[in-house]
Amino acid sequence: QVQLVESGGGLVQPGGSLRLSCTASGINFRFYTMGWYRQAPGKQRELVADRTSGGSTNYADSVKGRFTISRDNSKNTMYLQMNSLKPEDTAVYYCIARRRNAFGTSDDFWGQGTQVTVSS
């Protein structure tokens with residue numbers, strides 16, 4: 001059974017910081033790209049950032065320079081450091097583990113989501 005357990009969400013003021021974590025079990029962690037998506041009320045889910053086991057990273061333009069994704073393969077854990085938070089960052093943040101399959105698509109596993117609210 002695959003499980004992705006997230007933590008670290010909460011309420012912060014604009015300009016503040018949060019650190020999200022995601023710990024995976026039931027997969028060979030080092031074979032998966034790990035990432036974060038978010039979904040705000042009334043909006044579609046969007047990619048925030050991802051990171052391969054080899055260290056390649058990808059960030060949404062809206063978070064570049066403010067968010068940093070990292071992973072510790074020895075702990076099966078991924079992190080998202082979020083700085084200079086803005087009200088528009090308010091969303092449910094989801095952890096994802098993704099691996100390419102033989103059919104040109106991906107095998108994806110999702111966490112339950114954690115709420116991030118940025119408000120004064």
Side-chain angles (χ1 to χ4, degrees):
Q1 182 179 358
V2 177
Q3 292 189 17
L4 303 179
V5 180
E6 302 170 343
S7 63
L11 173 64
V12 297
Q13 295 183 350
S17 298
L18 283 174
R19 182 178 173 88
L20 307 182
S21 64
C22 172
T23 299
S25 61
I27 62 171
N28 290 319
F29 189 81
R30 62 190 175 94
F31 293 155
Y32 283 78
T33 292
M34 301 295 297
W36 296 93
Y37 282 71
R38 68 185 181 187
Q39 187 166 23
K43 303 291 184 64
Q44 295 190 17
R45 189 173 298 187
E46 64 175 348
L47 176 69
V48 178
D50 60 33
R51 184 179 180 93
T52 68
S53 185
S56 297
T57 59
N58 182 49
Y59 293 92
D61 288 342
S62 59
V63 308
K64 286 181 179 177
R66 300 188 298 121
F67 291 9
T68 303
I69 189 171
S70 62
R71 61 189 289 168
D72 186 340
N73 287 348
S74 70
K75 298 180 179 179
N76 286 2
T77 300
M78 173 185 61
Y79 307 93
L80 185 67
Q81 179 66 47
M82 304 185 294
N83 299 326
S84 301
L85 284 162
K86 305 174 181 179
E88 49 263 47
D89 295 318
T90 296
V92 177
Y93 284 70
Y94 297 91
C95 172
I96 183 172
R98 172 172 288 164
R99 187 175 71 171
R100 287 283 192 175
N101 60 36
F103 303 98
T105 58
S106 298
D107 295 325
D108 297 343
F109 301 98
W110 295 87
Q112 79 286 351
T114 185
Q115 177 71 48
V116 172
T117 302
V118 185
S119 177
S120 59

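Proximity of Val92 to Tyr37: side-chain heavy atoms (C-beta onward) are nowhere separated by under 4.5 Å.
Note: Lys64 NZ to Asn58 CG = 7.0 Å, rounded to the nearest 0.5 Å. Remark: Arg51 CZ to Thr68 OG1 distance equals 9.5 Å, nearest 0.5 Å. Between the OG1 atom of Thr57 and the CD1 atom of Ile69 there is a distance of 8.0 Å, given to the nearest 0.5 Å. Between the CG atom in Leu47 and the OH atom in Tyr59 there is a gap of 11.0 Å [rounded to 0.5 Å]. Here the straight-line distance linking atom CZ of Phe109 with atom CD of Gln1 works out to 11.0 Å at 0.5 Å rounding. Here the CZ atom belonging to Arg45 is positioned 13.0 Å from the CZ atom belonging to Arg38, to the nearest 0.5 angstrom.
Lys43 meets the side-chain contact (heavy atoms from CB on, under 4.5 Å) test with Ala40; sequence neighbours excluded. Looking at residues two or more places apart in sequence or on another chain, you find a side-chain contact (heavy atoms from CB on, under 4.5 Å) between Arg100 and Ser106. Partners of Tyr94 according to the ring pair (Phe, Tyr, Trp, His ring centres under 6.0 Å) rule, which considers only residues two or more places apart in sequence or in another chain, do not exist here. Every side-chain contact (heavy atoms from CB on, under 4.5 Å) that Arg66 has, sequence neighbours left out, goes to Val63, Ser84, Lys86, Asp89. Listed by chain and number, the residues in a salt bridge (charged side-chain N to carboxylate O under 4.0 Å, His left out) with Arg30 amount to none (sequence neighbours excluded).
Between Asp107 and Tyr32, the closest heavy-atom pair is O-CE2, 4.2 Å.
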**OP:** Run the numbers on Trp110 and Val2 for side chain to side chain contact (heavy atoms under 4.5 Å, CB included), then give the verdict.
**Re:** CA-CA 9 Å; Trp110 295 87; Val2 177; over 6 Å; no

**OP:** Might you work through the side chain to side chain contact (heavy atoms under 4.5 Å, CB included) test for Ser53 and Asn73, ending with a clear yes or no?
**Re:** CA-CA 8 Å; Ser53 185; Asn73 287 348; 3.0 Å; yes

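In the hydrophobic cluster analysis, where Ile, Leu, Val, Met, Phe, Trp and Tyr join through side-chain heavy atoms closer than 4.5 angstrom, Ile96 is grouped apart from Tyr93.
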List the atom pairs, donor and acceptor, that lie under 3.5 Å between side-chain atoms in residues 4-26 and the rest of the protein, sequence neighbours left out.
| unit_1 | atom_1 | unit_2 | atom_2 | d |
| --- | --- | --- | --- | --- |
| Glu6 | OE1 | Gly113 | N | 2.8 |
| Glu6 | OE1 | Thr114 | N | 3.3 |
| Glu6 | OE2 | Cys95 | N | 2.1 |
| Ser7 | OG | Ser21 | OG | 2.7 |
| Ser17 | OG | Asn83 | OD1 | 2.9 |
| Thr23 | OG1 | Thr77 | OG1 | 3.1 |

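Between the Arg71 side chain and the Phe29 main chain, a donor and an acceptor come within less than 3.5 Å of each other.
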